A.B. asks: 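Can you read through this structure? Questions will come right after.
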Amino acid sequence: MIIATWNVNSIRSRMEHLLEWLQNFGPDVVLLQELKCQNEQFPAEPIEDLGYNIAVHGQKSYNGVAILSKTPIEDVVRELPGEGDDGSARYIEAVTNNVRVASVYCPNGQDIGTEKFAYKMNFFDRLKIHMESLLTYEEKVVIAGDYNIAPTDDDVYDKVKFRNRLLTSPEERGKYKALINMGYIDIVRAMNPADKVDNTSLFSWWDYRQGSWDQNKGLRIDHLLLSPQAADVADKCGVDRDLRGKQRPSDHTPVWCQI
DNA sequence: ATGGTAGGGATCCTA
């Protein structure tokens with residue numbers, strides 16, 4: 001089965017691209033972020049017509065995450081347990097086809113040192129606690145989404161420019177590394193060692209501004225983190241750059257793996 | 001240091 005993650009930057013603005021991609025690529029599970037709509041505004045019908053079940057955690061204007069799956073979606077969880085709901089729809093988890101999957105939209109953080117940056121750090125602490133608990137079940141788990149962190153200098157187009165900036169600071173990278181050190185596998189990087197691939201081919205996000213896409217000035221900030229049990233049976237992965245080159249694209253492109 | 005582009009939805013906020 002193929003599990004893909006994609007930050008669509010507004011589901012309603014991206015329907016044409018999404019439907020075309022579902023039809024042509026046909027991933028079994030799709031983890032979406034930045035829906036920017038409420039549950040009742042989610043355009044479910046055309047997606048269901050392509051054979052997908054849907055679980056949505058929407059929010060007006062901001063955030064919003066969803067799970068699409070060709071197999072039934074069970075045991076849906078719509079927030080990170082423990083801390084209570086702060087109103088941000090950034091997490092949805094469920095079991096489908098014997099795999100526990102989650103779509104996560106980690107906070108951007110605005111600027112280092114701001115209140116929003118502190119919120120981002122706290123979100124990662126909460127995420128870590130939850131992901132740690134999931135490991136104890138020894139299941140196939142795939143937690144994927146927009147982590148808003150470029151894990152290393154290999155994941156940015158200019159490591160000098162991005163020294164200690166938002167998305168690349170040591171504090172942010174430490175939070176990401178903590179997830180990896182617990183035992184989760186960044187499957188795209190694991191299958192594409194930095195010294196053996198063209199790292200720019202793994203970028204998942206390009207700023208809308210200053211012609212970033214045309215100059216391939218991108219970052220790798222969308223990740224699929226797999227439990228050992230999932231990574232053991234993973235055999236393929238990829239980045240669908242094509243969608244970033246379309247008319248009126250999302251600023252992110254889909255990333256996927258096959259298990 | 002600033003501002004550049006996009007989306008939502010309200011005349012600004014978030015990214």
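Naming convention: chains lettered A, B, ... in sequence-line order (proteins, then strands); numbering from 1 in each chain. Nothing here was measured: the structure is a model prediction, and the numbers come from that model.
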A.B. asks: For atom C1', what is the distance between B:dA1 and B:dT11, given to the nearest Å?
C.D. replies: 27 Å
A.B. asks: Taking atom P in both B:dT2 and B:dG8, what distance in whole Å separates the two?
C.D. replies: 29 Å
A.B. asks: Using heavy-atom distances to pick each residue's nearest nucleotide on DNA chain B, tell me which of A:E34 and A:R248 is more 5'.
C.D. replies: A:R248
A.B. asks: Would you mind classifying the nucleic acid contact of A:R90 as base, sugar-phosphate or nothing, using non-hydrogen atoms under 4.0 angstrom?
C.D. replies: sugar-phosphate
A.B. asks: When you compare B:dG9 with B:dA15, how far apart are their P atoms, in angstrom units rounded to a whole number?
C.D. replies: 15 Å
A.B. asks: Earliest and latest nucleotide of DNA chain B, 5' to 3', sitting under 4.0 Å from a non-hydrogen atom of chain A?
C.D. replies: B:dG3 to B:dA15
A.B. asks: Using the C1' atom in both, what is the distance from B:dA10 to B:dT14, to the nearest Å?
C.D. replies: 14 Å
A.B. asks: Could you tell me how the ring of A:Y147 sits relative to the ring of A:H223: parallel (under 30°), tilted (30 to 60°) or perpendicular (over 60°)?
C.D. replies: tilted
A.B. asks: Does a salt bridge link A:E20 with A:K246, judged by any charged N lying under 4.0 Å from a carboxylate O?
C.D. replies: yes
A.B. asks: Output, in order, the C-alpha distance, side-chain angles, deciding distance and verdict of side chain to side chain contact (heavy atoms under 4.5 Å, CB included) for A:M15 and A:I47.
C.D. replies: CA-CA 9 Å; A:M15 277 308 275; A:I47 296 170; 4.0 Å; yes
A.B. asks: Can you see whether A:Y176 has A:R173 sitting over its ring - NZ or CZ less than 6.0 Å from the centre and within 45° of the normal?
C.D. replies: no
A.B. asks: Among all residues two or more places apart in sequence or in another chain, which pass the side-chain contact (heavy atoms from CB on, under 4.5 Å) test with A:A194?
C.D. replies: A:D154, A:R189, A:N199
A.B. asks: Can you name the residues that form a salt bridge (charged side-chain N to carboxylate O under 4.0 Å, His left out) with A:R100, not counting sequence neighbours?
C.D. replies: A:E93, A:E139
A.B. asks: Both A:I11 and A:N108 contact DNA chain B. Taking the nearest nucleotide for each, which residue is further toward the 5' end?
C.D. replies: A:I11
